[in-house]
Amino acid sequence: MLNNPVNAGRILFCLHGFTGSSDDWTEAANLFSPQLKVYAVDLIGHGKSDSPSDINLYRQDSIVQQLNELFSLHAGEKFYLLGYSMGGRIALSYAVKYPHRLEGLILESSSAGIKDMRQREARKIQDQQLADFILNHSLDEFADYWMNLDLFNTQRRFSDERLELIRKAKLKNSKTGLSNSLIGFGTGVMNPLYDYLNKITVKTLLITGELDSKFTAINSEMVKYFPDVIHKVINNAGHNTHLEESKRFTEVVREFTLKIK
């Protein structure tokens with residue numbers, strides 16, 4: 001589940017987004033401060049991790065427990081936790097249950113779930129429909145659909161070669177893992193966490209892209225709930241800031257981690 005860590009002192013665990021893998025962090029990990037030992041995790045249903053058929057293993061509480069066991073094997077009492085998009089929702093879920101284990105929490109282009117019940121139910125239906133699409137189509141067809149979503153339109157500035165590498169990386173996942181991830185931990189089925197954010201006293205950094213108006217607005221609202229939080233907006237970046245503006249992204253993370261003593 002882990003990439004080879006960078007030899008350093010403080011530990012940073014990185015959680016990728018939906019359709020991603022630990023490889024997504026390679027470029028950013030090479031730019032992080034030498035004081036950070038970086039572990040990139042393959043979440044259940046993604047990358048080199050298993051893609052079991054049991055949907056319960058993809059539920060919010062189950063993923064948190066899986067990660068806690070993993071973190072305990074590779075870290076001491078405290079560490080930094082960074083999550084992007086779906087990985088950010090998982091990181092936040094972990095922070096709610098185990099805030100005492102964290103040195104700092106970093107959420108990139110993420111949310112605390114959907115507060116409104118009707119909106120949550122509508123999203124649940126959308127997630128189920130997308131899971132059905134994955135199972136009933138080839139991974140090639142799904143990758144084409146996913147990469148053409150408006151959420152990722154800022155990545156169309158990349159060269160054809162780079163886009164093809166991103167696409168091929170997504171094809172390494174399994175249809176079972178991706179569909180079960182949506183059904184088990186899609187935004188529609190996730191328990192919203194807004195009522196618990198005031199209990200996360202650990203220093204928290206929210207990162208969004210300037211060109212991602214949806215998640216920048218969501219995070220501007222989330223700031224009101226955390227006791228100790230800052231929100232950084234990365235210029236010239238959309239949803240995936242660590243991919244689109246990796247240098248500035250890692251600078252922001254470095255500054256944040258180095259300020260914590």
Side-chain angles (χ1 to χ4, degrees), residues 1-3 12-29 38-49 51 58 60 63-64 66-67 81-95 105-114 123 126-127 130-131 134 139 142-143 145-155 158 162-163 165-174 177-190 193 205-209 211-212 214-216 218-219 222 234 237-246 249-250 253:
M1 294 181 73
L2 300 171
N3 277 340
L12 170 68
F13 287 100
C14 299
L15 309 181
H16 60 77
F18 179 64
T19 77
S21 74
S22 57
D23 291 340
D24 294 355
W25 295 105
T26 300
E27 183 177 2
V38 181
Y39 288 94
V41 179
D42 280 323
L43 297 167
I44 187 171
H46 291 76
K48 296 179 182 178
S49 287
S51 296
Y58 298 81
Q60 197 165 350
I63 298 176
V64 167
Q66 293 164 28
L67 288 175
L81 183 57
L82 161 61
Y84 158 67
S85 198
M86 180 190 77
R89 291 189 289 110
I90 293 173
L92 186 56
S93 300
Y94 183 89
L105 175 65
I106 306 163
L107 307 177
E108 176 195 359
S109 303
S110 191
S111 77
I114 301 174
R123 179 57 184 267
Q126 292 177 9
D127 289 342
L130 183 55
I134 293 171
L139 281 175
F142 169 67
Y145 164 81
W146 186 254
M147 291 182 65
N148 280 296
L149 290 176
D150 288 343
L151 186 64
F152 305 114
N153 61 12
T154 52
Q155 294 176 23
F158 293 162
R162 189 176 187 188
L163 288 172
L165 288 175
I166 295 171
R167 184 179 180 279
K168 286 182 177 179
K170 297 184 184 305
L171 298 180
K172 295 179 181 179
N173 293 312
S174 76
L178 294 178
S179 60
N180 281 352
S181 293
L182 283 170
I183 298 170
F185 191 63
T187 310
V189 297
M190 173 187 173
L193 300 174
L205 170 63
L206 307 181
I207 300 176
T208 57
L211 305 178
D212 183 4
K214 175 181 177 180
F215 279 86
T216 294
I218 289 172
N219 281 253
M222 286 171 60
I234 306 295
H239 191 62
N240 191 330
T241 65
H242 71 267
L243 179 69
E244 298 177 35
E245 293 291 334
S246 56
F249 171 83
T250 51
V253 173

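Residue indices begin at 1 and follow the sequence shown.
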>> Parallel, tilted or perpendicular, judged at 30° and 60°: which one describes the rings of Trp146 and Phe152?
In response: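 Ring orientation, 0 to 90° scale: tilted.
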Say you draw a straight line from [atom1] of [X] to [atom2] of [Y]; how long is it, rounded to the nearest 0.5 Å?
{"X": "Arg167", "Y": "Thr19", "atom1": "CZ", "atom2": "OG1", "result": "12.5 Å"}
{"X": "Lys172", "Y": "Lys48", "atom1": "NZ", "atom2": "NZ", "result": "8.0 Å"}
{"X": "Gln155", "Y": "Met147", "atom1": "CD", "atom2": "CE", "result": "6.5 Å"}
{"X": "Glu245", "Y": "Thr154", "atom1": "CD", "atom2": "OG1", "result": "9.5 Å"}
{"X": "Leu15", "Y": "Leu82", "atom1": "CG", "atom2": "CG", "result": "7.0 Å"}
{"X": "Ser85", "Y": "Ile90", "atom1": "OG", "atom2": "CD1", "result": "10.0 Å"}

> Between Glu244 and Ile234, does a side-chain contact (heavy atoms from CB on, under 4.5 Å) hold up when you go through it step by step?
Replying inline: CA-CA 10 Å; Glu244 298 177 35; Ile234 306 295; over 6 Å; no
Can you find a pair of side-chain heavy atoms, one from [X] and one from [Y], that are under 4.5 Å apart?
{"X": "Tyr58", "Y": "Ile183", "result": "no"}
{"X": "Leu107", "Y": "Leu92", "result": "yes"}
{"X": "Ser93", "Y": "Leu193", "result": "yes"}
{"X": "Cys14", "Y": "Val38", "result": "yes"}
{"X": "Arg162", "Y": "Leu243", "result": "yes"}
{"X": "Leu67", "Y": "Phe13", "result": "no"}
{"X": "Arg123", "Y": "Gln126", "result": "yes"}

Where do [X] and [Y] come nearest, in terms of heavy atoms and distance?
{"X": "Gly177", "Y": "Ser181", "answer": "O-OG, 2.7 Å"}
{"X": "Ser111", "Y": "Ile218", "answer": "CB-CG2, 3.9 Å"}
{"X": "Ser110", "Y": "Arg89", "answer": "OG-N, 3.0 Å"}

> Out of His16, Glu27, Glu108, which one pairs with His242 under the side-chain contact (heavy atoms from CB on, under 4.5 Å) rule?
Replying inline: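 Single side-chain contact (heavy atoms from CB on, under 4.5 Å) partner of His242 among His16, Glu27, Glu108: Glu108.
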> Do other residues, nucleotides or ligands put more than 12 heavy atoms under 6.0 Å from the CZ atom of Phe158?
Replying inline: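 Enclosed: over 12 neighbouring heavy atoms sit under 6.0 Å from CZ of Phe158.
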> Can any side-chain N or O of Ser179 pair as donor or acceptor with the backbone N or O of Ile134 at less than 3.5 Å?
Replying inline: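 No; zero donor-acceptor contacts below 3.5 Å.
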>> Between Thr216 (side chain only) and Thr208 (backbone N and O only), is there a donor and an acceptor less than 3.5 Å apart?
In response: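 Absent.
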>> side-chain contact (heavy atoms from CB on, under 4.5 Å) for Phe215 and Leu151? Distances and angles first, verdict last.
In response: CA-CA 10 Å; Phe215 279 86; Leu151 186 64; 4.1 Å; yes
> Checking side-chain contact (heavy atoms from CB on, under 4.5 Å) for the pair Asp212/Thr241: CA distance, chi angles, key distance, verdict?
Replying inline: CA-CA 9 Å; Asp212 183 4; Thr241 65; over 6 Å; no
> Which is it for Leu130 and Leu178 under the side-chain contact (heavy atoms from CB on, under 4.5 Å) test, yes or no, and what are the steps along the way?
Replying inline: CA-CA 10 Å; Leu130 183 55; Leu178 294 178; over 6 Å; no
